[in-house]
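See structure below.
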Amino acid sequence: MANDPLNLDESAEWAGLWWLPADPDERIPGVLRYEPEDGIVLSLIGAFEDRIVSNPSPGVALVHEGHQTWDVIHGAAEQREISLLVCVPKSSKRTFGARVRSPDKQTVLVTTALIGAHVSGEDDAAFAAAEVSVEDLGLWAASSAFEGFVGVADGTPDGSGSISVKTPESQSITVDGTEFSLSHRHTLPFFDQRRGGTVGRMRDSAFLRIVPTDPFSLSGALGAASLVQDLIALATHRAAGVIWLRLQLANADSVARDDRPSLRRSADVLYSPSVLGKHDAKAVDHHLVFFTCASFPFEEVVPRWCEAHGRLQLAINMILGLRYAPPRYVESNLLTAVGAAEVLHRCLGVDERPMPADEFKPMREAMLTHAPEDHRERFKGVIRNDPTLRDRLYALAARPDAAAVGLLMPDVDQWAKRTTRARNDLAHKGGTPKHSTNELIAIVEVTTAVVILNVLHELGLPAERQREIMQEHPQLRATARSAREWLVAPGPTPEPRLPQR
């Protein structure tokens with residue numbers, strides 16, 4: 001439909017006029033092209049001045065090394081306002097002194113394009129709401145505009161049936177003044193007449209609408225889209241790409257049409273998210289999803305996610321990074337997974353000092369009296385009353401459901417010991433000669449699973465569901481097999497040994 005948002009995985013182009021906000025009368029014709037894999041390129045018939053020129057005295061111009069860049073370029077194309085943000089000239093072809101005078105040509109690389117609005121920059125608070133669609137959001141929403149009926153006679157299908165369409169009611173919740181609404185948009189029925197038959201089709205898509213208390217900028221909208229993207233990535237245990245992002249302008253259209261009031265306009269955002277969503281790709285298998293709105297209601301999970309995402313964001317970023325852009329080398333994965341575990345434990349604020357402060361301080365002072373004075377400050381920084389990495393790993397294993405952790409690994413002691421040894425050897429000795437590659441892979445996967453279980457626990461996912469995930473999810477079951485093979489002390493396989501809560 002003409003009013004559909006622009007999918008980020010589809011090519012598009014606009015032919016129009018383009019100008020710099022500081023000089024709106026100098027308009028240059030050109031074509032803006034968007035390619036999902038290549039980004040946004042503006043091809044001009046003419047050129048903006050991209051040289052760095054100074055005028056030290058009247059009539060004297062000095063051209064310096066380098067090129068100008070432009071924070072914003074405005075355009076008008078195909079009856080829509082367009083803003084191009086963070087623009088860098090790629091090439092310019094000028095015709096100084098040519099025998100035949102012809103137009104200059106210039107190619108500009110664009111970071112972000114707003115199709116439908118003129119703004120002054122990324123931080124211009126021009127938007128009242130954002131709507132975002134992410135891969136597998138419809139599956140996670142566990143709702144649809146479609147219902148199917150198959151006629152049955154005497155226990156067998158009789159060939160009759162129907163598909164009905166009824167848009168589900170939006171689900172909304174307000175968190176710290178920002179309203180989050182889970183909504184659906186569907187197309188009108190379409191009948192495609194083919195030579196061998198007729199195909200009837202409609203499309204239903206779920207999206208999340210975010211309305212803050214005060215208007216926000218493009219930067220704020222991109223942050224809101226990332227919040228949704230990370231939630232779906234956690235729930236589906238895979239990288240979740242952004243399919244489209246649309247912003248609603250805060251100011252209504254100043255021109256009323258007929259007897260209707262003025263309308264708020266929308267702008268589509270073209271940019272390069274961490275993962276590009278494929279709107280026509282097959283959805284993930286529902287058995288691979290940790291939770292949906294059917295088991296974890298929208299009104300409950302969104303406030304908890306907003307709180308947890310803000311509090312645990314660094315650890316969440318690190319662990320989801322293994323899904324968005326997994327490094328090729330196990331050593332990088334090891335540092336990321338163990339680093340995420342350590343950061344998560346710090347963010348949880350559950351540190352327990354190995355000894356009371358009133359006992360530790362005099363003990364440290366007594367020890368420092370025996371250190372040479374020239375090295376006393378160095379030793380003072382080394383002697384700390386902080387939990388070790390192994391202490392933090394034990395604490396993380398004790399927080400989620402004990403049975404779920406037991407299904408993941410039978411020997412917490414060995415996991416904590418070998419993980420600490422591998423990380424320390426790699427970080428302090430530059431290698432892990434006492435660990436095989438398979439053991440390192442097992443450490444990475446088990447540690448990643450422990451972090452994920454902790455995040456799910458912080459969201460309030462019931463213990464029963466944590467156990468079901470460990471029993472049913474193919475990847476986590478494979479991780480558990482690796483733990484039993486590589487992270488168990490020699491001898492009979494022990495019962496799961498967990499620290500007391």
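In what follows, every heavy atom counts, from backbone to side chain, and hydrogens, waters and symmetry copies are set aside. When a residue number appears, it is its place in the shown sequence, counting from 1.
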inquiry  = Tell me every residue that passes ring pair (Phe, Tyr, Trp, His ring centres under 6.0 Å) with Phe296, counting only those two or more places apart in sequence or in another chain.
reply    = Phe291
request  = Run the numbers on His473 and Phe290 for ring pair (Phe, Tyr, Trp, His ring centres under 6.0 Å), then give the verdict.
outcome  = CA-CA 8 Å; His473 197 282; Phe290 288 162; 5.3 Å; yes
key: ring-ring contact (aromatic ring centres under 6.0 Å, His included) contacts in which one or both residues fall within residues 164-183, not counting sequence neighbours   = none
inquiry  = Less than 4.5 Å apart, side chain to side chain, heavy atoms only: is that true for Val242 and Leu276?
reply    = no
message = Once side chain to side chain donor-acceptor pair (under 3.5 Å) is applied, what residue pairs with a partner in residues 212-221 remain, sequence neighbours excluded?
response = Asp123-Ser219
inquiry  = Looking at every heavy atom in both Ala308 and Leu459, which two are closest together, and how far apart are they?
reply    = CB-CD2, 4.1 Å
key: Pairwise distance CG(Asn317) to CG(Asp230) - rounded to 0.5 angstrom   = 6.5 Å
query = So, Arg80 and Asp268, do they make that salt bridge, N to O below 4.0 Å?
reply = yes
ask   = Looking only at side chains, do Trp415 and Thr419 share a donor and an acceptor under 3.5 Å apart?
value = yes
Thr448 side chain near Arg323 side chain, heavy-atom distance below 4.5 Å = yes
key: With Glu468 via salt bridge (Lys or Arg N to Asp or Glu O under 4.0 Å) - residues at least two apart   = Arg465
inquiry  = I'd like to know if the side chain of Gln229 pairs up with that of Ser274 as donor and acceptor (distance under 3.5 Å, no hydrogens or angles considered).
reply    = yes
query = What distance separates Ile243 CD1 from Leu245 CG, expressed to the nearest 0.5 Å?
reply = 12.0 Å
ask   = Under 4.5 Å between any side-chain heavy atoms of Leu348 and Arg392, yes or no?
value = no
ask   = Mind checking what makes salt bridge (Lys or Arg N to Asp or Glu O under 4.0 Å) contact with Arg311, not counting sequence neighbours?
value = Glu307, Glu458
Side-chain heavy-atom pair His237, Ile452 within 4.5 angstrom cut-off = yes
key: Qualifying residues under ring pair (Phe, Tyr, Trp, His ring centres under 6.0 Å), relative to Phe216, sequence neighbours excluded   = none
Return all side-chain donor-acceptor pairs below 3.5 angstrom for residues 31-44, not counting sequence neighbours, or 'none' if the list is empty.
| residue | atom | partner | partner atom | Å |
| --- | --- | --- | --- | --- |
| Arg33 | NE | Glu13 | OE1 | 3.3 |
| Tyr34 | OH | Leu8 | O | 2.5 |
| Glu35 | OE1 | Ser11 | OG | 2.6 |

query = Does a side-chain heavy-atom distance below 4.5 Å link Leu456 with Leu234?
reply = yes
ask   = Leu407 pairs by side chain to side chain contact (heavy atoms under 4.5 Å, CB included) with which of Gln471, Gln466, Arg477?
value = Gln471
By ring pair (Phe, Tyr, Trp, His ring centres under 6.0 Å) - contacts of Trp70 (at least two apart) = Phe48
remark   = Closest non-hydrogen contact found for Ser120 with Val72 is O-CG2, 3.2 Å
key: Nearest non-hydrogen partners of Ala15 and Ala77, listed with the distance   = O-CB, 3.4 Å
request  = Check step by step if side-chain contact (heavy atoms from CB on, under 4.5 Å) holds for His457 and Asp401.
outcome  = CA-CA 8 Å; His457 175 75; Asp401 176 66; over 6 Å; no
All N/O donor-acceptor pairs, side-chain side in residues 131-138, below 3.5 Å, sequence neighbours left out:
| residue | atom | partner | partner atom | Å |
| --- | --- | --- | --- | --- |
| Glu131 | OE1 | Arg185 | NH2 | 3.3 |
| Glu131 | OE2 | Arg209 | NH1 | 2.8 |
| Glu135 | OE1 | Gly241 | N | 2.8 |
| Glu135 | OE2 | Lys278 | N | 2.9 |
| Asp136 | OD1 | Val284 | N | 3.1 |
| Asp136 | OD2 | Arg238 | NH1 | 3.1 |

message = How close do Leu85 and Gly121 get, counting heavy atoms only, and between which atoms?
response = CD2-CA, 4.2 Å
ask   = Taking atom CG of Asp176 as the centre, does the number of heavy atoms from other residues, nucleotides or ligands within less than 6.0 Å exceed 12?
value = no
request  = Kindly compute the distance separating CH2 (Trp18) from CZ (Arg27), expressed to the nearest 0.5 Å.
outcome  = 11.5 Å
task = Work out which heavy atom in Asp4 is nearest to a heavy atom in Arg246; give both atom names and the distance.
result = O-NH2, 3.3 Å
request  = If a pair satisfies side chain to side chain donor-acceptor pair (under 3.5 Å) and one of its residues is in residues 332-341, list it, with sequence neighbours excluded.
outcome  = none
4.5 Å side-chain heavy-atom contact, His186 and Ser205 = no
remark   = Residues His184 and Ser143: closest non-hydrogen pair is NE2-OG, 2.8 Å
inquiry  = For Asn438, I'd like to know if atom CG has over 12 heavy atoms of other residues, nucleotides or ligands within 6.0 Å.
reply    = yes
request  = Would you indicate whether the side-chain heavy atoms of Asp411 and Leu487 approach each other to under 4.5 Å?
outcome  = no
task = Flag the pair Leu208 / Val302 as yes when at least one side-chain heavy-atom distance between them is below 4.5 Å, and no otherwise.
result = no
query = In a check of side chain to side chain contact (heavy atoms under 4.5 Å, CB included) between Leu114 and each of Asp124, Leu84, Leu247, Ile82, which one passes?
reply = Leu247
query = When you check the side-chain N and O atoms of Ser266 and Gln248, is any donor under 3.5 Å from an acceptor?
reply = no
request  = Begin with the C-alpha distance, continue with both residues' side-chain angles, and end with the deciding distance and a verdict on side-chain contact (heavy atoms from CB on, under 4.5 Å) for Val211 and Thr174.
outcome  = CA-CA 9 Å; Val211 183; Thr174 300; over 6 Å; no
ask   = Between atom CE of Met202 and atom CD1 of Ile163, what is the distance when rounded to the nearest 0.5 Å?
value = 9.5 Å
With Glu439 via salt bridge (Lys or Arg N to Asp or Glu O under 4.0 Å) - residues at least two apart = Arg418
message = Would you compute the distance between atom CZ of Phe127 and atom CG of Leu249 and round it to the nearest 0.5 angstrom?
response = 5.5 Å
request  = Report the distance from atom CG of Leu408 to atom CZ of Arg484, rounding to the nearest 0.5 Å.
outcome  = 9.5 Å
note = Contacts of Trp305 meeting ring pair (Phe, Tyr, Trp, His ring centres under 6.0 Å) (sequence neighbours excluded), chain-then-number -> His309
